[in-house]
Amino acid sequence: MSTEESESRPKAREGQTHHAPAPVRVSRRPWVWTGAIALAVVVALGVVIVINLAREPFEFESSLMIAVADGRTPIVTSVALALDRLGSGLVSSFIVPAVIVIGLLLWRRPWAAVFFVAAIAASGLVTRVLKVLVGRVRPEDILVHPDFGSFPSGHASNAAVIATALGLILLRTWVWVAGAVYTLLMMGSRMYLGAHWVSDVLGGMLVGAGAALIVWAPFAEKLYRENRLPHPPIWQKVEPRPHDA
């Protein structure tokens, strides 16, 4: 190999954007507004439930719950109960988030790990406050023993915040699709088990997605730059790049 060729290759590598992310301005405002509107809708729905419905369900929700209870089958019930365990208690609050955070750290995404924890905490806090303030009654034909307050659904908000946060971190279509499917399954399982009304799971989904979008804003540029860097696991040695010398 000639000297001219050897000198030209490092320059070509320097030009590759995934090795040297350039300064960038990430548009935050549309996403922040989307998150704020989602949370505003939840608050408005909570006000309607408390004032107009006296914490009772909408009429169509009662009819739908009767139909769902009449159509239960052993197989679907088993799946719904499995989702109930996945989305409650220590599993959803600590184990699942811990596994995701550890994975992000192992694959050199520290800012993503910080953002994910912040989004989970924000969603959980908003969900808990709304549960206490609204104090909505749960359906009577219920197959599980959840905590106090039916609105919004904690399972739905937890699923939505995980799906939205990972979508914003990884920026992959399949992640968004998988997250949407997981969230919809969790929402459906909560209604199927009689743990929540329809408006509860919709409210939970909006809380989780809205909280993730708002918390994402201060991390946006750091996450974007971090996403464009290579992410080998920490046990693999990263060779110094020519422009770093």
Original post:
Can you list the steps and then say if W33 with L213 is a side chain to side chain contact (heavy atoms under 4.5 Å, CB included)?
Top reply: CA-CA 9 Å; W33 273 109; L213 289 171; over 6 Å; no
Original post:
Rounded to the nearest 0.5 Å, how far apart are CZ of F116 and CG of L105?
Top reply: 11.5 Å
Subject >> H196 side chain to V201 backbone, donor-acceptor under 3.5 Å >> reply: no
Original post:
Taking only residues two or more places apart in sequence, or in another chain, which ones meet R109 in a salt bridge (Lys or Arg N to Asp or Glu O under 4.0 Å)?
Top reply: none
Original post:
Is there a donor-acceptor pair under 3.5 Å between the side chain of R138 and the backbone N or O of A195?
Top reply: yes
Original post:
Would you find a donor on one side and an acceptor on the other, under 3.5 Å apart, between the side chain of K131 and the backbone of P152?
Top reply: yes
Subject >> Atom pair CG/CG of N227 and L171 - distance to nearest 0.5 Å >> reply: 4.5 Å
Original post:
Atom OG in S189, atom CG in L184: separation rounded to 0.5 Å?
Top reply: 11.0 Å
Original post:
What's the spacing between S123 OG and L39 CG if we round to 0.5 Å?
Top reply: 9.0 Å
Subject >> Inter-residue atom distance I49.CD1 - L130.CG, 0.5 Å rounding >> reply: 10.0 Å
Original post:
Yes or no on side chain to side chain contact (heavy atoms under 4.5 Å, CB included) for L64 and F58, after CA distance, side-chain angles and deciding distance?
Top reply: CA-CA 10 Å; L64 179 60; F58 292 95; over 6 Å; no
**OP:** State yes or no: are the ring centers of W235 and W107 separated by less than 6.0 Å?
**Re:** yes
Subject >> Residues that A178 engages under side chain to side chain contact (heavy atoms under 4.5 Å, CB included), provided they are two or more places apart >> reply: none
Original post:
Looking at E226 and R108, does any basic side-chain N land under 4.0 Å from a carboxylate oxygen?
Top reply: no
**OP:** Describe, in one word, how the ring planes of F115 and F219 are oriented to each other, choosing from parallel (under 30°), tilted (30 to 60°) and perpendicular (over 60°).
**Re:** tilted
**OP:** Check for a donor-acceptor pair, side chain of H155 on one end and backbone N or O of G87 on the other, with a separation under 3.5 Å.
**Re:** yes
Original post:
Is any side-chain N of the basic residue among E61 and R136 closer than 4.0 Å to the acidic one's carboxylate O?
Top reply: yes
Sequence neighbours excluded and cut-off under 3.5 Å, please list the side-chain donor-acceptor pairs for residues 67-82, or say none.
residue : atom : partner : partner atom : Å
R72     : NE   : Y192    : O            : 2.9
R72     : NH1  : D141    : OD1          : 3.2
R72     : NH2  : D141    : O            : 3.0
R72     : NH2  : Y192    : O            : 3.0
T73     : OG1  : V76     : N            : 3.4
T77     : OG1  : T73     : O            : 2.7
T77     : OG1  : Y192    : OH           : 2.8
S78     : OG   : P74     : O            : 3.0

Original post:
Any idea which heavy atoms bring F148 and G135 closest together, and the distance?
Top reply: CZ-CA, 3.7 Å
**OP:** Look at D84 together with R190 and state whether they make a salt bridge at an N to O cut-off of under 4.0 Å.
**Re:** yes
**OP:** Evaluate the criterion side chain to side chain contact (heavy atoms under 4.5 Å, CB included) for residue pair V207 and V161; output intermediate values, then yes/no.
**Re:** CA-CA 8 Å; V207 167; V161 72; over 6 Å; no
Original post:
In Å, rounded to the nearest 0.5 Å, how long is the span from CG of L104 to CD1 of I169?
Top reply: 5.0 Å
Original post:
Around E140, counting heavy atoms of other residues, nucleotides and ligands shown, do more than 12 lie under 6.0 Å from its CD?
Top reply: no
Original post:
Are the side chain of W176 and the backbone N or O of T164 linked by a donor-acceptor pair below 3.5 Å?
Top reply: no
**OP:** Could you tell me whether R128 and D147 have a side-chain N and a carboxylate O separated by less than 4.0 Å?
**Re:** yes
**OP:** Using distance alone, with no hydrogens and no angle criterion, decide if S153 and D200 have a side-chain donor and acceptor under 3.5 Å apart.
**Re:** no
